[in-house]
Amino acid sequence: MSRTALPPPNVHALPALAAPTLRSADELVQAGLAPTAARTELDAVGARYALALTATLADTIDRSDPADPIARQFVPDIRELEIQPEERADPIGDDAHSPVPGIVHRYPDRALLKVIGVCAVYCRFCFRREMVGPGAQNLLSPAALEGAFAYLAAHPEIWEVILTGGDPFMLAPRRMADVVERLAAIPHVKVARFHTRVPIAAPERVTAELVAALRAPGLTPYVAIHANHARELTPAARDAIARMADAGIPLVSQTVLLRGVNDDVATLAALFRALVECRVKPYYLHHPDLAPGTRHFRLPIAEGQALMRALRGRLSGLALPTYVLDIPGGAGKVPLLPNHLEPEGERLRVTDNCGGVHLYPPEA
Ligand SMILES: *Cc1c(COP(=O)(O)O)cnc(C)c1O
Ligand code: SF4
């Protein structure tokens with residue numbers, strides 16, 4: 001057979017070529033990511049909250065390190081079954097601002113569109129852990145999706161639609177193109193922002209076809225990548241990010257501040273610098289939400305503010321995200337700035353990043 005007679009390469013088959021995703025306690029044990037003795041406990045957690053760890057991320061785990069920051073994000077922990085009184089199934093109050101299924105409309109000019117309930121990996125600290133997973137209840141029906149588009153079309157104040165989930169990059173490219181074309185057809189919707197962990201967790205899914213599907217005339221795409229540790233930026237993840245950046249898609253990042261994962265200056269600095277090197281502007285550092293069974297990931301806000309103060313002194317402004325708290329219950333996000341200003345008589349006391357105090361002259 002001549003070479004030209006070979007069928008064209010099938011891009012759809014690409015994701016299937018990657019090593020399989022680990023989806024059970026058994027598979028984690030077999031992969032050396034959990035001790036055999038922990039299997040029953042991990043099964044109990046996995047029965048409660050969805051479990052998935054892709055081969056791409058499993059390969060970054062140092063199996064000899066019991067405190068590995070990647071393992072901590074994805075390998076279940078028995079403490080997830082301990083629910084604290086302050087924790088909530090819907091920590092940031094999505095339900096309170098959901099006028100129709102699939103839409104969360106909290107701020108006038110932008111709305112969330114939850115197109116799909118599944119993710120490539122399931123983060124153990126996920127703020128929507130009660131809403132995501134492979135269960136059928138997490139899928140938006142075609143009728144509900146129509147209702148969501150109708151809502152967006154009927155609200156001319158909505159300038160930006162934020163596609164979230166689950167993970168919108170789990171859509172097949174064809175379905176993504178359909179969704180993007182429907183949004184582009186709404187004249188007042190100018191920006192589509194995709195919140196995704198797929199470029200990190202399953203970079204092979206970011207095909208040329210998917211990247212092309214993000215774009216439609218009259219609609220500007222932005223991609224916000226969820227990344228928590230520099231080690232997540234594997235060569236494959238960097239390539240996936242480059243495919244989007246080369247296509248002219250602006251990229252920002254979101255990081256969750258997590259105890260035992262990235263709660264020190266050096267780890268955060270390495271992550272934010274690596275993102276900038278990949279053409280991704282660090283956007284938000286989220287204080288962890290009060291999601292059920294996640295107390296072991298939380299740290300005091302004052303500690304996060306001290307980390308931000310130390311980072312401001314040592315990192316390029318390009319590499320600094322805004323540290324934010326999503327107020328429990330649905331009142332929205334607020335910046336958690338370290339306080340640099342205090343009144344002192346007619347003047348202002350300004351504290352610099354190293355703790356030095358300076359007096360600013362009286363203001364007109
Ligand atoms: C976080 C969030 C947004 C986006 O907020 P930005 O500050 O624009 O990134 C929009 N809607 C809801 C409901 C949100 O939770
Ligand atoms: S990728 Fe996002 S939505 Fe999915 S489990 Fe992680 S934090 Fe939750």
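Whatever order the structure lists ligands and atoms in, that order sets their numbers, starting from 1. Values below: every heavy atom of this structure, side chains too, minus hydrogens, waters and symmetry copies. Quick caveat, the model's predicted, so the values are computed rather than measured. Positions are given from 1, in the same order as the sequence printed here.
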Show me which atoms of ligand 1 lie under 4.0 Å from any heavy atom of [X].
{"X": "Val104", "result": "13 (C)"}
{"X": "Ile162", "result": "3 (C), 4 (C), 10 (C)"}
{"X": "Arg106", "result": "12 (C), 13 (C), 14 (C), 15 (O)"}
{"X": "Lys333", "result": "1 (C), 2 (C), 3 (C), 4 (C), 5 (O), 14 (C), 15 (O)"}
{"X": "Tyr283", "result": "6 (P), 7 (O), 8 (O), 9 (O)"}
{"X": "Leu112", "result": "10 (C), 11 (N), 12 (C), 13 (C)"}

### Query
What atoms of ligand 2 come within less than 4.0 Å of a heavy atom belonging to His226?
7 (S)

### Task
Under 4.0 Å from a heavy atom of Arg197: give me the atoms of ligand 2 that qualify, with their elements.
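Once the distances to Arg197 are compared, the set is 1 (S).
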
### Message
Below 4.0 Å, non-hydrogen atoms only: which portion of Cys119 touches ligand 2? Side chain, backbone, both or neither.
### Response
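Near ligand 2, Cys119 shows its side chain, while the N, CA, C and O stay back.
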
### Task
Could you tell me whether His195 approaches ligand 2 through its side chain, its backbone, both or neither, with non-hydrogen atoms closer than 4.0 Å?
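Neither; no heavy atom under 4.0 Å.
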
### Task
Could you tell me if any non-hydrogen atom of His105 lies under 4.0 Å from any atom of ligand 1?
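The answer is no, since His105 has no heavy atom less than 4.0 Å from ligand 1.
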
### Message
With side-chain contact (heavy atoms from CB on, under 4.5 Å) as the criterion, how do His286 and Leu325 come out once you've worked through the C-alpha distance, each side chain's angles and the decisive distance to 0.1 Å?
### Response
CA-CA 6 Å; His286 292 272; Leu325 172 72; over 6 Å; no

### Task
Rounded to the nearest 0.5 Å, what's the gap from CG on Leu271 to OG on Ser253? Could you check?
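Separation between the atoms: 6.5 Å.
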
### Query
Looking at ligand 1, does any of its N/O atoms fall within less than 3.5 Å of an N/O of Tyr284?
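N/O-N/O distance under 3.5 Å: yes.
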
### Glu160-ligand 1 polar pair, N/O distance under 3.5 Å
no

Cut-off 3.5 Å, no hydrogens considered: what does the side-chain donor-acceptor table look like for residues 26-35, sequence neighbours left out?
unit_1 : atom_1 : unit_2 : atom_2 : d
Asp26  : OD1    : Arg39  : NH1    : 2.2
Glu27  : OE1    : Arg23  : N      : 2.6

### Residue pair His195, Ile162: steps toward the side-chain contact (heavy atoms from CB on, under 4.5 Å) verdict
CA-CA 7 Å; His195 280 189; Ile162 299 167; 3.7 Å; yes

### Query
For the side chain of His188 and the backbone of Ala154, is there at least one donor-acceptor N/O pair under 3.5 Å apart?
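Looks like no, no N/O pair under 3.5 Å.
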
### Task
Work out which heavy atom in Ile241 is nearest to a heavy atom in Cys278; give both atom names and the distance.
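Here Ile241 and Cys278 meet closest at CG2-O, 3.4 Å.
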
### Query
Where on Arg193 is there a heavy atom closer than 4.0 Å to ligand 1, on the side chain, on the backbone, on both, or on neither?
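Answer for Arg193: side chain.
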
### Message
If we set the cut-off at 4.0 Å for heavy atoms, which region of His97 has an atom near ligand 1: side chain, backbone, both, or neither?
### Response
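For His97, no heavy atom sits under 4.0 Å from ligand 1.
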
### Task
Starting from atom 8 (Fe) of ligand 2, find the nearest protein heavy-atom neighbour and note its residue, name and distance.
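Checking every protein heavy atom, the shortest distance to atom 8 (Fe) of ligand 2 gives Cys126 SG, 2.3 Å.
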
### Query
Please state which protein non-hydrogen atom is closest to atom 8 (O) of ligand 1 and give its distance, to 0.1 Å?
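Result for atom 8 (O) of ligand 1: Arg110 NE, 2.7 Å.
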
Taking distance alone, no hydrogens or angles, what donor-acceptor pairs closer than 3.5 Å link side-chain atoms of residues 212-230 to residues at least two apart or in another chain?
unit_1 : atom_1 : unit_2 : atom_2 : d
Arg215 : NH1    : Ala247 : O      : 2.6
His226 : NE2    : Asn228 : OD1    : 3.4
His226 : NE2    : Asn228 : ND2    : 3.1
Asn228 : OD1    : Val256 : N      : 3.0
Asn228 : ND2    : Gln73  : OE1    : 2.9
His229 : ND1    : Arg231 : N      : 3.0

### Message
So that I can check it, does any N, O or S atom in Cys123 come closer than 2.8 Å to atom 8 (Fe) of ligand 2?
### Response
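Checking Cys123: none of its N, O or S atoms is under 2.8 Å.
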
### Message
As a quick check of understanding, evaluate ring pair (Phe, Tyr, Trp, His ring centres under 6.0 Å) for Tyr151 and His105, giving each step before the final call.
### Response
CA-CA 10 Å; Tyr151 181 87; His105 193 187; 5.7 Å; yes

### Query
Taking the six-membered ring of Phe297, is the NZ or CZ of Arg72 close enough (under 6.0 Å from the centre) and on axis enough (within 45°)?
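Pair Arg72/Phe297 counts as cation-pi.
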
### Task
For side-chain contact (heavy atoms from CB on, under 4.5 Å), just list the numbers for Glu204 and Thr56, CA-CA rounded to whole Å, side-chain angles, deciding distance to a tenth of an Å, and then say yes or no.
CA-CA 9 Å; Glu204 71 283 355; Thr56 303; 4.0 Å; yes

### Query
Where do His287 and Tyr323 land on the side-chain contact (heavy atoms from CB on, under 4.5 Å) test, with the steps shown first?
CA-CA 7 Å; His287 191 72; Tyr323 179 37; 2.8 Å; yes

